[in-house]
Engineer: 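Okay, here's the structure, questions in a sec.
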Amino acid sequence: MTHVTQEKWSSGTAFLLAAIGSAVGLGNIYRFPYVVGENGGGAFVLLYIAIVLVFGIPLVMTELVIGRSKQLPPISAYRTLSEGKKSRPFWTLVGFSSVLTPLGILGFYFVIAGYTLNYVFAMIMGKFNDLVPGQTEAAFQDLLASPGTLIFWMTVSLVVTAFIISRGLKAGLEKAVNILMPMLFFILLSLVIYSAFNGGMVETFKFMFTPDFSKIGANTILEATGQAFFSLSLGSATIMVYGSYLPKDVSIPKMACGVAFADTFVALIAGFAIFPIIFNNGMELSSGPGLVFETLPVIFDQMPFGQVFGILFFLLLAFAAITSTISLFEPAVSNLEEKGIFTRRKASLVVGFGLWCLASLSALSLNVFKDWHPLTFNSTLENKNIMDLLEYLSANGMMLVNSFFAAIFIGWIINRKDVLDELGLGDSYLFKFWRLIVKVLVPVVVGYLLLDFLGYGFF
Ligand code: TRP
């Protein structure tokens, strides 16, 4: 039974801004550039775009349909939509799993959001001025080795997120994205323009758009799919819950295309902001996760107005992170509130406290508990600390599981007619094409990737 009438987004645009805010995050600006760097550029970018088009957009539509059709949070949505089916308890479980996954993601995401806040502060304090080589690596390693600093900044990002959530949809989420998203676009644009005037654009174009297909293997496909799903916020109830607040007269396919387009555009633009700076300075592109936190500060130090742009860059990362953490936090709160278990404020406090414990553990696993590898029964897991495990299991494994079942649910369990009405494409070829992808192609491909993830891949 529903105890609380859900608030709705004020308009399709408000939803779009919030959903883009969710999609655009550390995945686009921090992770995408270094993953492209590690995977050799053009071919990976093309593959990524193809995956967004073929799987990403249809899956965003799928999650929006599940969320909006009963206008209920994920667990209740799965339960209500499977009413009268023998498999109902199973689908309720899928709902649970979709709500737990973003909490697992937040367990490490808040820590990285904390790094970005720490860097804004360090940049303002001029900590990266007049560097000698090697100093930024040392500074980043120092940060990772300081439990107090990590937990402090993680707590700041968590408290800001919980506060926004506790204020509700319109006064909290909508207001936050209305302020943060325009700033985010403005900063990103200034960085690209700045990069454009400093040269290196031609190399960047070549690197990003000249495909070398010899660089693509089975692993690249898994990597690109994982990156695309993560970047589009799939497989974790966040799109579903944002969809449950979407007014009925807004077109789901249009919204899905808008989110996917903006998200991919920002990832590419982030490449155009970062790569030229790196090419110009003859630095390594394949430096992995250290790209943003170790390589960029060196370069900012050498550029005119580098400190200002450094501050802006890390502020951009922090804003992008916050609009994503609120979307990861919302599903659990929405479910608790709808069931009447807690008021929204209490739910934010309780979920926030639980997450604080988890994220603290994950911050401590970088230093104090560095050598603690809790899961030793499997060769892939045995060398991972808590933070790595959270990332690997929630952001790779569970996201795929949840997306797989969301597709099966829409394709095979719910009435075709109900889906047809909700999607608003009519019984057109476009609808049939979408349904074919969701019914067959997604289960086969994502199912294979899951087998591969579990170590049973066959090529
Ligand atoms: N998409 C965000 C990013 O790129 C992170 C994010 C928000 C997310 N919600 C999600 C990732 C749900 C996976 C699932 O940083």
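Just follow the structure's listing: the first ligand is 1, and inside any ligand the first atom is 1.
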Engineer: Should the heavy atoms of other residues, nucleotides or ligands under 6.0 Å from CZ of Phe433 be counted, would the total exceed 12?
Structural biologist: no
Engineer: Measure the distances from the heavy atoms of Tyr30 to every atom of ligand 1 and state whether one is below 4.0 angstrom.
Structural biologist: no
Engineer: Please confirm whether Ser231 approaches ligand 1 to less than 4.0 Å, judged on its heavy atoms.
Structural biologist: yes
Engineer: Roughly how far apart are Phe110 CZ and Ile105 CD1, rounded to 0.5 Å?
Structural biologist: 12.0 Å
Engineer: Determine, considering heavy atoms only, which of Ser324, Ala320, Ala23 sits nearest to atom 4 (O) of ligand 1.
Structural biologist: Ala23
Engineer: Hey, which atoms in ligand 1 end up nearer than 4.0 Å to a heavy atom of Ile105?
Structural biologist: 13 (C), 14 (C)
Engineer: How about Glu337 and Thr343: does a side-chain donor come under 3.5 Å of a side-chain acceptor?
Structural biologist: no
Engineer: Strictly under 4.0 Å, does any heavy atom of Leu234 approach an atom of ligand 1?
Structural biologist: yes
Engineer: Which of the atoms of ligand 1 are close to Asn28, meaning less than 4.0 Å from one of its heavy atoms?
Structural biologist: 4 (O)
Engineer: Which residue and atom name correspond to the protein heavy atom nearest atom 11 (C) of ligand 1, and how close is it?
Structural biologist: Phe230 O, 3.2 Å
Engineer: Evaluate Gly27 for polar contact with ligand 1, using N/O atom pairs at a separation under 3.5 Å.
Structural biologist: yes
Engineer: Do we get Lys384 above Tyr392's six-membered ring, with its NZ or CZ under 6.0 Å from the centre and within 45° of the axis?
Structural biologist: yes
Engineer: Can Asn39 and Thr220 be counted as having a side-chain donor-acceptor contact under 3.5 angstrom?
Structural biologist: no
Engineer: Per the side chain to side chain donor-acceptor pair (under 3.5 Å) rule, which among Glu330, Glu7, Glu174, Lys170 passes with Tyr245?
Structural biologist: Glu330
Engineer: If the test is side chain to side chain contact (heavy atoms under 4.5 Å, CB included), which one of Phe121, Tyr119, Tyr115 qualifies with Trp153?
Structural biologist: Phe121
Engineer: Does any N/O atom on Phe229 come nearer than 3.5 Å to any N/O atom on ligand 1?
Structural biologist: no
Engineer: Evaluate the ring pair (Phe, Tyr, Trp, His ring centres under 6.0 Å) criterion for residues Phe96 and Tyr78: first the C-alpha distance (whole Å), next the side-chain angles of each, then the deciding distance (0.1 Å), finally the verdict.
Structural biologist: CA-CA 9 Å; Phe96 261 105; Tyr78 269 112; over 10 Å; no
Engineer: Which protein non-hydrogen atom lies closest to atom 6 (C) of ligand 1, naming both residue and atom, and how far is it?
Structural biologist: Ser233 OG, 3.6 Å
Engineer: Can you find an N or O of Tyr109 that's nearer than 3.5 Å to an N or O of ligand 1?
Structural biologist: yes
Engineer: By number and element, which atoms of ligand 1 are closer than 4.0 Å to a non-hydrogen atom of Met399?
Structural biologist: 13 (C)
Engineer: Indicate whether any N or O donor in one side chain lies under 3.5 Å from an N or O acceptor in the other, for Thr325 and Thr161.
Structural biologist: yes
Engineer: Give me the nearest non-hydrogen protein atom to atom 2 (C) of ligand 1 as residue plus atom name, then the distance to 0.1 Å.
Structural biologist: Ser22 O, 3.2 Å
Engineer: Which residue supplies the protein heavy atom nearest to atom 14 (C) of ligand 1, what is that atom called, and how far is it?
Structural biologist: Ser236 OG, 2.8 Å
Engineer: Hey, which atoms in ligand 1 end up nearer than 4.0 Å to a heavy atom of Ser327?
Structural biologist: 7 (C), 9 (N)
Engineer: Show your working on side-chain contact (heavy atoms from CB on, under 4.5 Å) between Asn396 and Phe229 and close with a plain yes or no.
Structural biologist: CA-CA 9 Å; Asn396 295 359; Phe229 281 26; over 6 Å; no
